[in-house]
Amino acid sequence: MAPRYWLFKSEPSAFSLDDLKASPGGVAPWDGVRNYQARNLLRDEVKVGDGVLFYHSSTDPVGVVGIAEVVRDGYPDPTAWDPESDHPDPKSTPDNPRWYMVDVRYVRHFARTVTLAELKAAPALKDMKVVQRGMRLSIQPVTAREWAAVLGLAEGGRRAIGESALGR
DNA sequence: GCCAACGTTGGC
DNA sequence: GCCAACGTTGGC
């Protein structure tokens, strides 16, 4: 099965790409997702080896700052039943988990942020989920074509596509 | 800080 | 099952 691509949103004040890079082995769980549509993707669709566009929201500028890679398939998010966590949900229990997460590994920062404004301005990305009006989903599917186009915007001058890890 | 868009809750 | 009220997201 060919790897797929995703866009993961995070507020950098909560968890940034730098935070992922600084995690042990560059690996961290993508916990705290509390939306059913995003949960279903994490539980059923996001798989080891998939590429992740790391998107910073609610900052200036908003946009894609780099890439990560999925290193563990979906599994129950234990922060849901931790009352001390940032997103406790007493309706989720170890016996009957409601929320799921995957583990991701840092790959690299782009040389610069590819801003939402740039994504919106790129004709090749006009159908990309993140540029659609009212699109709040925090885990979004990205096509191979969109993935390549975003990397092209970030690093096009450096022939990055196909050249390095996840540069496919 | 504003507010549009969307998701969830809960009364009925 | 409807839908109003409310809460959250997230760009601007």
Side-chain angles (χ1 to χ4, degrees), chain A residues 4-23 28-46 50-68 70 74-104 106-143 145-156:
Chain A
R4 289 195 285 176
Y5 304 98
W6 309 94
L7 179 145
F8 285 15
K9 279 188 204 168
S10 184
E11 297 192 15
S13 59
F15 190 75
S16 68
L17 186 55
D18 282 325
D19 291 330
L20 179 59
K21 184 180 184 180
S23 299
W30 199 266
D31 59 17
V33 170
R34 300 291 182 265
N35 167 280
Y36 288 103
Q37 211 179 333
R39 185 281 306 269
N40 292 346
L41 293 173
L42 291 176
R43 187 190 58 194
D44 305 331
E45 307 291 337
V46 180
D50 288 355
V52 173
L53 296 175
F54 202 112
Y55 180 92
H56 281 177
S57 64
S58 297
T59 186
D60 188 18
V62 298
V64 180
V65 294
I67 59 183
V70 178
Y75 63 107
D77 179 351
T79 67
W81 51 79
D82 174 5
E84 305 295 307
S85 82
D86 291 335
H87 306 279
D89 179 359
K91 292 177 184 146
S92 185
T93 65
D95 283 345
N96 191 16
R98 172 174 298 197
W99 304 113
Y100 282 73
M101 61 188 189
V102 298
D103 287 353
V104 294
Y106 174 82
V107 175
R108 62 185 144 87
H109 279 79
F110 291 154
R112 61 183 188 81
T113 300
V114 177
T115 66
L116 179 60
E118 282 180 84
L119 298 176
K120 285 180 172 172
L125 298 176
K126 70 176 173 50
D127 294 326
M128 195 177 182
K129 303 260 189 212
V130 76
V131 308
Q132 307 305 315
R133 176 182 166 83
M135 186 63 218
R136 312 192 311 187
L137 193 61
S138 64
I139 304 290
Q140 302 178 4
V142 170
T143 67
R145 200 156 294 185
E146 289 163 352
W147 172 271
V150 173
L151 266 60
L153 286 173
E155 308 174 325

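As the structure is a computational prediction, the values presented were derived from the model and not from experiment. Each chain gets a letter, A, B and so on, in the order its sequence line appears, and its residues count up from 1.
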Could you give the [atom1]-to-[atom2] distance, from [X] to [N], as a whole number of Å?
X: A:N35; N: B:dT9; atom1: CG; atom2: P; answer: 11 Å
X: A:L137; N: B:dT8; atom1: CG; atom2: P; answer: 11 Å
X: A:H56; N: C:dG10; atom1: NE2; atom2: C1'; answer: 15 Å
X: A:K9; N: C:dG10; atom1: NZ; atom2: C1'; answer: 7 Å
X: A:R34; N: B:dT8; atom1: CZ; atom2: C1'; answer: 15 Å
X: A:L7; N: C:dG10; atom1: CG; atom2: C1'; answer: 13 Å
X: A:L116; N: C:dT9; atom1: CG; atom2: P; answer: 18 Å
X: A:H87; N: C:dT8; atom1: NE2; atom2: C1'; answer: 12 Å

request  = For C:dG11, take OP1 and OP2 only and decide whether either is under 4.0 Å from a side-chain N or O of A:Y55.
outcome  =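 Yes, such a contact exists.
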
ask   = Are A:F54 and A:W6 near enough that their ring centres are under 6.0 Å apart?
value =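 That pair fails the under 6.0 Å test.
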
key: Given B:dT8, B:dT9, C:dG11, the nucleotide with the shortest approach to the side chain of A:K91   =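 Of B:dT8, B:dT9, C:dG11, B:dT9 is nearest to the side chain of A:K91.
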
ask   = For the side chain of A:Y36, counting heavy atoms from C-beta on, which of C:dG11, B:dC6, B:dT8 is nearest?
value =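 Closest of the options to the side chain of A:Y36: B:dT8.
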
inquiry  = Regarding A:T79 and A:D82, do their side chains bring together a donor and an acceptor under 3.5 Å, going by distance alone?
reply    =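 No.
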
Going by atom type alone, with no hydrogens or angles, which donor-acceptor pairs under 3.5 Å involve a side-chain atom of residues 58-68 of chain A and a protein atom two or more places apart or on another chain?
none

ask   = Mind checking what makes salt bridge (charged side-chain N to carboxylate O under 4.0 Å, His left out) contact with A:R34, not counting sequence neighbours?
value =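 Only A:D77 meet the salt bridge (charged side-chain N to carboxylate O under 4.0 Å, His left out) criterion with A:R34.
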
